[in-house]
> 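Okay, handing you the structure first.
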Number of protein chains: 2
Amino acid sequence: MKPEKTESRRYQKQKLAAIRAAASVFSEKGFHGASTADVAARLGIKQGSLYYYFDSKEEALEEVCLYGLRQYVENMDAIAEGEENFQARLRAVVTNHLGRYREKNEALKVHNDERLYLPPERRVRLKQLGTHYRERLEDIVETGKAEAAVRDEIDSHFMAQSIIGMCNGLGEIIVRDPEADVFELARKCTDLLLHGTAPYHIQGD
Amino acid sequence: MKPEKTESRRYQKQKLAAIRAAASVFSEKGFHGASTADVAARLGIKQGSLYYYFDSKEEALEEVCLYGLRQYVENMDAIAEGEENFQARLRAVVTNHLGRYREKNEALKVHNDERLYLPPERRVRLKQLGTHYRERLEDIVETGKAEAAVRDEIDSHFMAQSIIGMCNGLGEIIVRDPEADVFELARKCTDLLLHGTAPYHIQGD
DNA sequence: TCAGAATTCTATTAATCTATAGAAATATTT
DNA sequence: AAATATTTCTATAGATTAATAGAATTCTGA
């Protein structure tokens, strides 16, 4: 079956290729719409051989989702640990988030669209990553308060979730319109988050 | 097969029940994870009998999605046609949107999660409804400009998509935490959209 | 080059599921 | 109550698919 301790270089390489093939096929046809034969074909092997790398189709989905999220979360960590001011970091976060919709990141798309088909026990690690992402963003909001760039009464959990949602919404524009300028969108988005819609001067409540 | 002209009262009633049963089952198991037998069982009839109401499983999915979106869009129309000022309408939009996550609207959930499994020709009517929703929201933003409640440089397409995304993001909080106060969230969300994160007084660029 | 290990292939099992056709049952109308 | 129309059931065809086992092949190191 599977190599026990060895995990040879070749095995690891091919396993990564298998994850990518699965990401590609799942993102095209959906998890249930895609067969293990489709995935194997994309990889250039036969259906049965795929089980050398995955114990089940579900395990393949889990690995694809994890693979898609990881890099994305790593970027967030780098931003959160950086030394820039709130405005710059917010922009970096938004740009990182929106950028993912342009470079077609199939594994991340699979995570977004198909992860619900995983049974709960296969979703725990994904949830951990997602929570980690949001918590880093909450940290950034808190530093914004320390800098007096963010009003005190703003709840950082609420704020982080709002930012994530807004970016996902704008992602649709990027997907719909291949001409859309990601950096310009990121700029507008950051501006909206910082200043809102209302004219700058006075505003009542 | 299907009744041609009659469309008897009973038929219509049972068809609606079938759509609801499909919504319930699809939202639980996903479109591909659910079988027509599951849907029929929820409705209290046998698998084969379901085809009296739908030509195919895909048609059932399409009808569920349309059913889920329609009411939601109708509410938006009512808000857009109303006479209130920008701030009040924005709040109404956000409240309508967030409210949907609390009353468990299974059909709308199916629309959100499963619509991608429809072939493009079955998605056109859904897209029309979605576009209509966003366009009404763009209208509201434009009236906001006329009222000087919204800065001129704000792009209404961008803005509408941002609002939709933010609401969807906050929806996750509502789903995660059954205690979350929808109206309080709607208030915070409206406030953030109007004023941004930054303290009110001056802000540079 | 040979031996053993790692990788892929073939063949098959067993289960599942959509969709259809025609019979049976139920409701409606005359 | 008989006749007709509507709704549901039974049974099945036909196709697909995930997963397994063991054989065949390819790779690697001595």
Side-chain angles (χ1 to χ4, degrees), chain A residues 1-23 25-26 28-65 110 114 117-119 121-122, chain B residues 1-26 28-64 110 114 117-119 121-122:
Chain A
M1 300 283 107
K2 265 189 177 176
E4 298 290 336
K5 311 212 163 195
T6 55
E7 299 269 317
S8 73
R9 186 148 246 89
R10 188 178 164 208
Y11 177 84
Q12 294 204 324
K13 211 173 146 188
Q14 185 75 325
K15 168 126 191 184
L16 182 61
I19 291 172
R20 289 195 173 127
V25 173
F26 289 166
E28 262 178 38
K29 304 190 166 193
F31 176 65
H32 284 106
S35 69
T36 55
D38 294 331
V39 175
R42 179 72 46 105
L43 187 56
I45 64 177
K46 299 290 162 134
Q47 185 261 339
S49 309
L50 204 63
Y51 285 77
Y52 189 58
Y53 298 100
F54 303 113
D55 284 337
S56 70
K57 195 185 172 191
E58 261 178 11
E59 187 188 292
L61 177 57
E62 185 184 2
E63 300 231 35
V64 168
C65 291
V110 171
E114 312 291 330
Y117 297 127
L118 289 170
E121 66 270 21
R122 285 200 187 274
Chain B
M1 301 283 107
K2 264 190 180 176
E4 296 292 334
K5 312 214 161 194
T6 54
E7 300 267 319
S8 72
R9 187 147 244 89
R10 187 175 165 211
Y11 177 84
Q12 294 203 326
K13 211 173 145 189
Q14 184 75 322
K15 168 128 191 184
L16 181 62
I19 291 172
R20 290 196 173 126
S24 175
V25 172
F26 290 166
E28 262 178 38
K29 305 190 166 194
F31 176 65
H32 284 106
S35 69
T36 54
D38 294 330
V39 175
R42 179 73 45 105
L43 188 56
I45 63 177
K46 298 290 160 129
Q47 186 260 339
S49 308
L50 203 63
Y51 285 76
Y52 188 58
Y53 297 100
F54 303 114
D55 284 339
S56 70
K57 195 185 171 190
E58 262 177 11
E59 187 189 292
L61 177 58
E62 185 184 2
E63 300 229 38
V64 168
V110 171
E114 311 292 330
Y117 297 126
L118 289 170
E121 66 271 21
R122 285 200 187 272

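In what follows, chains carry the letters A, B, and so on, assigned in the order in which the sequence lines appear, proteins first and then strands, with residues in each chain numbered from 1.
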> CG of B:Leu50 versus P of D:dT6: gap in Å, rounded?
20 Å
> Report the distance from atom NZ of A:Lys29 to atom CD of A:Glu114, rounding to the nearest 0.5 Å.
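If we round to the nearest 0.5 Å, A:Lys29:NZ and A:Glu114:CD are 13.0 Å apart.
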> Please walk me through it: do B:Tyr117 and B:Glu58 pass side chain to side chain contact (heavy atoms under 4.5 Å, CB included)?
CA-CA 8 Å; B:Tyr117 297 126; B:Glu58 262 177 11; over 6 Å; no
> Give the rounded distance in Å between these two atoms: NE2 of A:His32 and P of C:dT16.
14 Å
> What is the distance, rounded to the nearest whole Å, between atom CZ of B:Arg9 and atom P of D:dA5?
21 Å
> Could you check whether any side-chain heavy atom of A:Pro119 comes within less than 4.5 Å of a side-chain heavy atom of A:Arg122, counting everything from C-beta outward?
yes
> Could you give the NZ-to-C1' distance, from B:Lys13 to D:dT7, as a whole number of Å?
15 Å
> Tell me, please, which residues at least two apart from A:Gln14 pass side-chain contact (heavy atoms from CB on, under 4.5 Å).
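Partners of A:Gln14 by the side-chain contact (heavy atoms from CB on, under 4.5 Å) criterion, ordered by chain and then number, come out as A:Ala17, A:Leu43, A:Ile45, A:Tyr53.
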> Which nucleotide sits closest to the side chain of A:Gln47: D:dA19, C:dT7, D:dT7?
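The nucleotide sitting nearest to the side chain is D:dA19.
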> Can a side chain N or O of A:Tyr53 be found less than 4.0 Å away from OP1 or OP2 on C:dT7?
no
> Of all the choices, C:dC9, D:dA19, C:dT7, which nucleotide is nearest to the side chain of A:Lys57 once you look at every atom?
D:dA19
> Show your reasoning for whether side chain to side chain contact (heavy atoms under 4.5 Å, CB included) applies to B:Phe31 and B:Val110.
CA-CA 8 Å; B:Phe31 176 65; B:Val110 171; over 6 Å; no
> With the threshold set at under 4.0 Å for non-hydrogen atoms, list the residues of residues 33-46 of chain A touching DNA chain C in residue-number order.
A:Ile45, A:Lys46
> Give the rounded distance in Å between these two atoms: OH of B:Tyr51 and P of C:dA19.
4 Å
> I want to check one thing: is the phosphate of C:dT7, taken as OP1 and OP2, less than 4.0 Å away from some side-chain N or O of A:Ser49?
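So the side chain of A:Ser49 is outside the cut-off, no N or O lying under 4.0 Å from OP1 or OP2 of C:dT7.
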> Between D:dT7, C:dT7, C:dC9, which one does the side chain of B:Arg10 approach most closely?
D:dT7
> Which residues pass the salt bridge (charged side-chain N to carboxylate O under 4.0 Å, His left out) test with A:Arg42, not counting sequence neighbours?
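Checked A:Arg42 against salt bridge (charged side-chain N to carboxylate O under 4.0 Å, His left out); matches are A:Glu28.
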> Drop me the distance from B:Ile19's CD1 to B:Ser24's OG, to the nearest 0.5 angstrom.
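So the CD1 of B:Ile19 and the OG of B:Ser24 are separated by 13.5 Å.
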> CD of A:Gln14 versus P of D:dT25: gap in Å, rounded?
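Atom CD in A:Gln14 sits about 19 Å away from atom P in D:dT25.
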> Would you kindly give the OH-to-C1' distance between A:Tyr52 and D:dT25, to the nearest whole Å?
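Rounded to the whole Å, the gap is 13 Å.
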> May I have the distance from A:Leu61 (atom CG) to D:dT17 (atom C1'), rounded to whole angstrom?
17 Å
